[in-house]
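Step one of this worksheet: look at the structure below.
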Amino acid sequence: EKIFSGFSKTRENLSVIDELLMMWNLSDTDKVLDELEEALLVSDFGPKITFKIVDSLREDILSGKLKSGTEIKEALKKFVLDLLTSKQGNKSELQLGFRKPAVIMIVGVNGGGKTTSLGKLAFRLKKEGVKILMAAGDTFRAAAGDQLEIWAERTGSEIVMPENDKAKASAVLSQAVKRGKQEGYDLVLCDTSGRLHTNFDLMEELITCKKSLGKVVAGAPNEILLVLDGTTGLNMLPQAREFNEVVGITGLILTKLDGSARGGCVVSVVDELGIPIKFVGVGEGVEDLQPFDAQAFVDAIFS
Ligand code: GDP
């Protein structure tokens, strides 16, 4: 329901072609596909995926495979659904390995919803009986630790805070994983500093953090989840590429899909990076993190 209302603008943009499709006949094909192309671009699908969709529909129309407006609409929905599900594979669930503790690093630019998503993820996994330790690795922004402490309280999780103002993020994270190992935690959730993807020093720090975790538990971190703000539209693409090149992202969390999210960029980011969306954020409350459901997404953007 929340995703459905969050994508109302995208749905409205895309529904402009519905009337044309209702009255479609073969001679209208170019006009309808031009309108569709425009609607997809306006909805932030980005040129690459838009042209792929339109070319595929044109081919199927001209070969006689699609014979009515309804069939064209269904083919459009199926194209997007197939693309999302093929890239998701069986990796849309968290891959936490067998060593304890498992480690998840949460990364992303400031304000995207990293800390909030970490808190919501803790709430979700605690309900499944996972014993969680949080690590306040955002040592750059003073208030970030306090914010995470509130989430620790809210979810009844333990937390490792920086020892002092000068503590390095990598030290906080490896200390947390050591404690997790000694005290039998199932999972350590590591917050990191929000950074601009163009800030080289801070990106370097992420590499150091990643390496330091692997020194404590072989194979850690099991997941590096990139948090992307769903309202930023196609701007999320360069961010995602950069983070992926630097640290290797294993999954995405798309936040603020309850707001005025730009639907098309969800498809673009999955198509370009081939990284699965693991969760979507649909609000600020503890329960507002859901596994990504490609079918629900497609139903929400196409009326
Ligand atoms: P960080 O800087 O990346 O750690 O971002 P925060 O976790 O502090 O989140 C920034 C703001 O976005 C806060 O006001 C959050 O409550 C809000 N926020 C995060 N996720 C969502 C979401 O899924 N939906 C909505 N509506 N707000 C969110």
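Values below: all heavy atoms of this structure, side chains included; hydrogens, waters and symmetry mates excluded. Note that this is a predicted model, so its numbers are computed, not measured. Just follow the structure's listing: the first ligand is 1, and inside any ligand the first atom is 1.
Against a heavy-atom cut-off of under 4.0 Å, Asn110 is close to the following atoms of ligand 1: 2 (O). With ligand atoms numbered from 1 in the order given, ligand 1 contributes 1 (P), 3 (O), 4 (O), 5 (O), 7 (O) to contacts under 4.0 Å with heavy atoms of Lys114. Which parts of ligand 1 touch Val109 is read off a 4.0 Å heavy-atom cut-off, strictly below it: atoms 3 (O).
Nearest-residue assignment for atom 28 (C) of ligand 1 (options Glu284, Lys2, Arg141, Lys120; heavy-atom criterion): Glu284. Of the candidates Gly281, Gly283, Gly119, Gly285, Gly283 brings a heavy atom nearest to atom 21 (C) of ligand 1. Relative to atom 2 (O) of ligand 1, the option among Gly194, Gly6, Gly108, Gly111 with the closest non-hydrogen atom is Gly111.
Geometrically, ligand 1 and Thr116 share a nitrogen or oxygen pair separated by less than 3.5 Å. Distances between N or O atoms of Ser117 and those of ligand 1 include no value under 3.5 Å. Taking distance alone, with nitrogen or oxygen atoms compared against 3.5 Å, Gly113 approaches ligand 1 more closely than that limit.
A salt bridge links Lys127 with Glu287; the closest basic N to acidic carboxylate O contact falls under 4.0 Å.
In terms of protein heavy-atom proximity, atom 26 (N) of ligand 1 is nearest to Asp258 OD2, 2.8 Å. From the protein, the heavy atom lying nearest to atom 18 (N) of ligand 1 is Lys256 CE, 3.9 Å. The shortest contact between atom 8 (O) of ligand 1 and any protein heavy atom is with Gln147 NE2, 2.9 Å.
Summarising the local packing, NZ of Lys131 is surrounded by more than 12 heavy atoms from other residues, nucleotides or ligands at distances under 6.0 Å. The environment of NZ in Lys9 is sparse: at most 12 heavy-atom neighbours from other residues, nucleotides or ligands sit within 6.0 Å.
No donor-acceptor distance shorter than 3.5 angstrom exists from the side chain of Ser174 to the backbone of Ser212, with no hydrogens or angles considered.
Between Glu158 and Arg179, the closest side-chain pair of non-hydrogen atoms falls below 4.5 Å. Between Leu237 and Ser268, some side-chain heavy-atom pair lies under the 4.5 Å cut-off.
Contacts between Val282 and ligand 1, counted as non-hydrogen atom pairs separated by less than 4.0 Å, involve the backbone only. Residue contacts with ligand 1, taken as heavy atom pairs separated by less than 4.0 Å, do not involve Leu257 at all.
Shown are Gln95, Glu93, Glu223; of these, the side-chain hydrogen bond (donor to acceptor under 3.5 Å, both in side chains) with Lys278 is made only by Glu223.
The side chain to side chain contact (heavy atoms under 4.5 Å, CB included) search around Lys178 returns Val216, not counting sequence neighbours.
Residue pairs meeting the ring pair (Phe, Tyr, Trp, His ring centres under 6.0 Å) criterion with at least one partner in residues 1-43, sequence neighbours excluded, are Phe7-Phe297.
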